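Please read the structure below before turning to the comments.
All values derive from a computational prediction rather than experimental measurement. Each ligand, and each atom within it, is numbered from 1 in the order the structure gives.
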Amino acid sequence: MIDLESLPDQHGHFGPYGGMFVPETLITALNELTAEYEKVRGDEEFQSQLANVLREFAGRPTPLYLAERLTRQLGGAKIYLKREDLLHTGAHKINNALGQILLAQRMGKTRIIAETGAGQHGVATATVAARAGLECVIYMGAVDMERQALNVARMRFLGAKVVAVTAGQATLKEAINEAMRDWVTNVRSTHYILGSALGSHPYPMMVRDFHRVIGDEARRQILEREERLPDLLVACVGGGSNSIGLFWPFLKDTGVRMVGVEAGGHGIEVGAHAARFQGGKLGVLQGTKTYLLADADGQIQLTHSVSAGLDYAAIGPEHAYLRDLGRISYDYATDDEALAAFRKLSEVEGIIPALETSHAIAHVLKVAPQMPSDSLIVVNLSGRGDKDVAQAAQLLLK
Ligand SMILES: *Cc1c(COP(=O)(O)O)cnc(C)c1O
């Protein structure tokens, strides 16, 4: 039996996945980061400082909310929503940003950089940098900057410099390349706050640990409410941070099934989706070995999703391993299914979800009616939909 909680190994491997695939100039910095992180992991003072800002600044714990009308309408499993959308800045991303900036401050760093796709991680990073009084630079694809003008303005008001990246597709992948280039040059003064359970070791482990508070709380809350564990956990999967955060504390509970939901875009055809487990293969991208969407020559394929936060060619390495082991299964929802779920949750529960989150809701709409009425689902409501309202209005309110 593999002890799932002992992963990754000391070199960052989750079975055949993960590792440190970076330029040599970054190895020292990553080793330092790993060593410093290992120190704070068990450090009571650090952990209580983090718990304090999560509570006072970010708004934890988040409620586990029974979606009564949705449950009744679907006529099957009882549906609970883990309300990460209620956190400061509107999504789970602040959990990781707060953890990493406390670590950066410990290491004496004076400058923070990050990449962002939809802008949610950029906003979370700019927010924690403002709170800490540190210089902050956010790399963002020029195409994404146009699509997410509101978040660009938020980052600027928070005092961050937003740098437009025009290379290639001018989206997230190119923004990550630029951030890595900056880090190589300024590694002494600078900490790179990576935004998902991706990239080189120690990021997949560290980001997961900073989000496990989601699952720790949910486990305690469902036991209080129902006096038993849920039958099914559901979360959307971009890089895989909100999902691994919810799932991780339940990994040993063999009766709890888990489903990660990827972006099916227009359907599973080359270039039309971002579902890495549908036609993806083993490869290396931006620091880690994992499942990704590439052609026969290893060239990264174009991806598409209605939600910018799920639109990335690689999935976090721990997910690839947990899928191999059969512990987590993965499905996908298409753009249309996600948009329908966006409408449904808004109308039935009075909660407008992020388009990323809507993929998880879409899966619940499919499976809940087939489950017995005494079964329990917990779905991670990873973020609120305010940022997506203009885009959804264009698509849905014509
Ligand atoms: C960024 C984002 C995601 C996708 O990222 P993960 O690392 O897979 O969680 C999902 N939901 C929301 C609201 C996001 O902002």
Before signing off on this row, confirm whether [X] and ligand 1 have an N or O atom pair separated by under 3.5 Å.
X    : value
G238 : yes
K387 : no
N242 : yes
T357 : no

Which ligand 1 atoms, with their elements, are less than 4.0 angstrom from a heavy-atom of [X]?
X    : value
G240 : 6 (P), 7 (O), 8 (O)
Q120 : 15 (O)
S196 : 6 (P), 7 (O)
G309 : 4 (C)
C236 : 10 (C), 11 (N)
A354 : 13 (C)
G383 : 13 (C)

Just heavy atoms, cut-off under 4.0 Å: does [X] contact ligand 1 by side chain, backbone, both, or neither?
X   : result
K93 : side chain
D85 : neither
E84 : neither

Give the cluster check for I328 versus V259: same hydrophobic cluster or not, with ILVMFWY residues linked at side-chain heavy-atom distances below 4.5 Å.
->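 Shared cluster, no.
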Where Q278 and H273 come nearest, the two heavy atoms and their spacing |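 Where Q278 meets H273 most closely, the heavy atoms are O-CE1, 3.4 Å.
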Could you tell me which non-hydrogen atom of L87 sits nearest to which non-hydrogen atom of A58, and how far apart they are?
->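 The answer is CD2-O, 3.3 Å.
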Short N-O contact, R327 and E318, less than 4.0 angstrom | no
How far does CD of E262 sit from OG1 of T303, to the nearest 0.5 angstrom?
->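 Reported value, rounded in 0.5 Å steps: 11.5 Å.
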Could you give the distance from OH (Y17) to CD1 (I315), rounded to the nearest 0.5 Å?
-> 10.5 Å
Which residue holds the protein heavy atom closest to atom 12 (C) of ligand 1, what is that atom called, and what is the gap in Å?
-> S382 OG, 3.5 Å
Kindly determine whether V165 and E115 satisfy side-chain contact (heavy atoms from CB on, under 4.5 Å), including the steps that lead there.
-> CA-CA 10 Å; V165 179; E115 84 296 339; over 6 Å; no
Just say parallel, tilted or perpendicular for the rings of F210 and F46, cut-offs at 30° and 60°.
-> tilted
Under 30°, 30 to 60°, or over 60°: which ring-plane class applies to H266 and H304, parallel, tilted or perpendicular?
-> parallel
Could you go step by step and tell me if E38 and R41 meet the salt bridge (Lys or Arg N to Asp or Glu O under 4.0 Å) rule?
-> CA-CA 5 Å; E38 292 292 354; R41 226 178 165 185; 3.6 Å; yes
